[in-house]
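Below: the structure, in structure tokens.
Quick caveat: nothing in here was measured; it's all calculated off a predicted structure. Whatever order the structure lists them in is the order used to number ligands and atoms, beginning at 1.
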Amino acid sequence: MTQVRKVIIDADTGIDDALAILYALKSPALRVEGITTVFGNVDVHQATENTLRIIRLANAPYEVPVAIGADRPLKRPPTGFSAHVHGHNGIGDAELPAASQQALTERADDFILRKAEELDGELFLVTLGRLTNVAHALAKDPSLTRKIKQVYVMGGAVQVAGNVTPVAEANIWGDPEAADIVFASGLDIVMVGLDVTMKTNLSMAHLDFLQRRCRPENREIVDFLRTSMAYYFEFYRQANHFVDAAPMHDPLTVLAAEEPGLVTNRTMRVTVECESALCAGMTVADLRPSPSVGTPVQVSIDVDAETAVGKLLSAFI
Ligand code: RIB
Ligand code: CA
């Protein structure tokens with residue numbers, strides 16, 4: 001039996017974040033020490049509300065504290081949110097029962113610092129949104145780099161196109177300065193970007209399978225997934241010509257944090273572009289034979305997508 005991994009999930013709780021959180025709370029191989037929220041798909045208060053409601057839906061067998069984080073980028077003016085991708089409430093306009101707990105008064109960056117200290121090198125961070133909270137935490141205590149075991153970052157694109165600009169992925173584009181600080185910090189980073197998440201698709205057929213086979217206690221979760229994912233599938237039909245399917249950006253990142261063998265990583269020197277108007281938020285990898293520009297991070301370049309999606313579904317069966 002592999003050791004249970006202790007994780008903090010940092011999320012801008014939209015449709016795929018919600019599924020990632022549900023999976024993490026169902027997985028016996030993960031212990032979710034807390035969830036921190038950040039602006040992104042929706043504003044930080046909606047992301048927090050969604051997170052609290054998702055925790056109730058998951059019926060987790062243990063307490064999961066939620067800490068509210070940044071409501072804007074480090075330096076740039078706030079931009080709009082992604083209602084066209086995630087719906088007005090961030091979860092595909094699905095209605096969920098009111099939360100049964102409240103968020104902490106402790107801020108997200110302080111929560112991350114405290115848990116990293118308490119867990120003494122055992123903590124994994126899984127970031128599913130902008131890296132603003134992690135950048136704030138590093139500004140308060142740069143020694144955080146030595147206290148966190150690994151950071152799995154959903155973000156970036158190295159050998160594939162961006163999804164919000166020709167070259168930038170949404171989570172990095174939404175706060176490039178924060179991503180730059182985190183990537184250059186010396187934290188042990190695994191970048192789970194569009195190179196692998198765009199190959200890991202959930203389809204309506206998978207949801208039909210879940211509807212037939214889910215455990216009775218997961219029936220409400222599956223009903224929620226069918227509503228929220230329908231919204232997501234429609235966006236990906238219009239944007240990417242997918243048929244009743246969508247990429248599992250955030251769920252794959254949680255899965256990789258739990259079972260690293262699902263992705264193949266290559267160490268690359270990466271820089272986050274912060275200057276150019278056209279290329280802001282690009283994760284520039286130095287792919288030359290003798291790379292010298294950027295900080296070494298592990299970049300996921302391949303994925304066993306079939307096993308990843310199978311593992312994702314199995315959590316509810
Ligand atoms: O680019 C995909 C990422 O942007 C996902 O984390 C999605 O939830 C949005 O935050
Ligand atoms: Ca996200």
Identity and separation of the nearest protein heavy atom to [atom]:
atom	value
atom 6 (O) of ligand 1	D250 OD1, 2.6 Å
atom 2 (C) of ligand 1	E169 OE2, 3.2 Å
atom 4 (O) of ligand 1	N171 OD1, 3.2 Å
atom 7 (C) of ligand 1	D16 OD1, 3.4 Å

Give the contacting part of [X] toward ligand 1: side chain, backbone, both or neither, where contact means a heavy-atom distance below 4.0 Å.
X	value
N163	side chain
L128	backbone
D17	side chain
V85	neither

Taking the Ca ion (ligand 2) as the apex, D12 OD1 and D17 OD1 span an angle, rounded to 10°, of 90°
Any idea which atoms of ligand 1 are less than 4.0 Å away from a heavy-atom of [X]?
X	value
D12	10 (O)
A170	1 (O), 4 (O)
N41	7 (C), 8 (O), 9 (C), 10 (O)
M154	2 (C), 3 (C), 5 (C), 6 (O)

[X] bridged to [Y] by N-O distance under 4.0 Å:
X	Y	answer
D302	K199	yes
K115	E118	yes
R237	D244	no
R130	D10	no
D286	R288	yes

Modelled atom types, side-chain donor and acceptor of T13 and T51, under 3.5 Å: yes
In terms of side-chain heavy atoms, does H86 have a donor or acceptor partner in N41 at a distance below 3.5 Å? yes
In this structure, is the centre-to-centre distance between the rings of Y231 and F235 below 6.0 Å? no
Counting only heavy atoms not in E217, do more than 12 sit closer than 6.0 Å to its CD atom? yes
Is L128 close enough that one of its N/O/S atoms sits under 3.0 Å from the Ca ion (ligand 2)? yes
Would you say E49's side chain and V44's backbone share a donor-acceptor pair under 3.5 angstrom? no
The Ca ion (ligand 2) - name of the N/O/S atom of D250 that sits closest to it: OD2
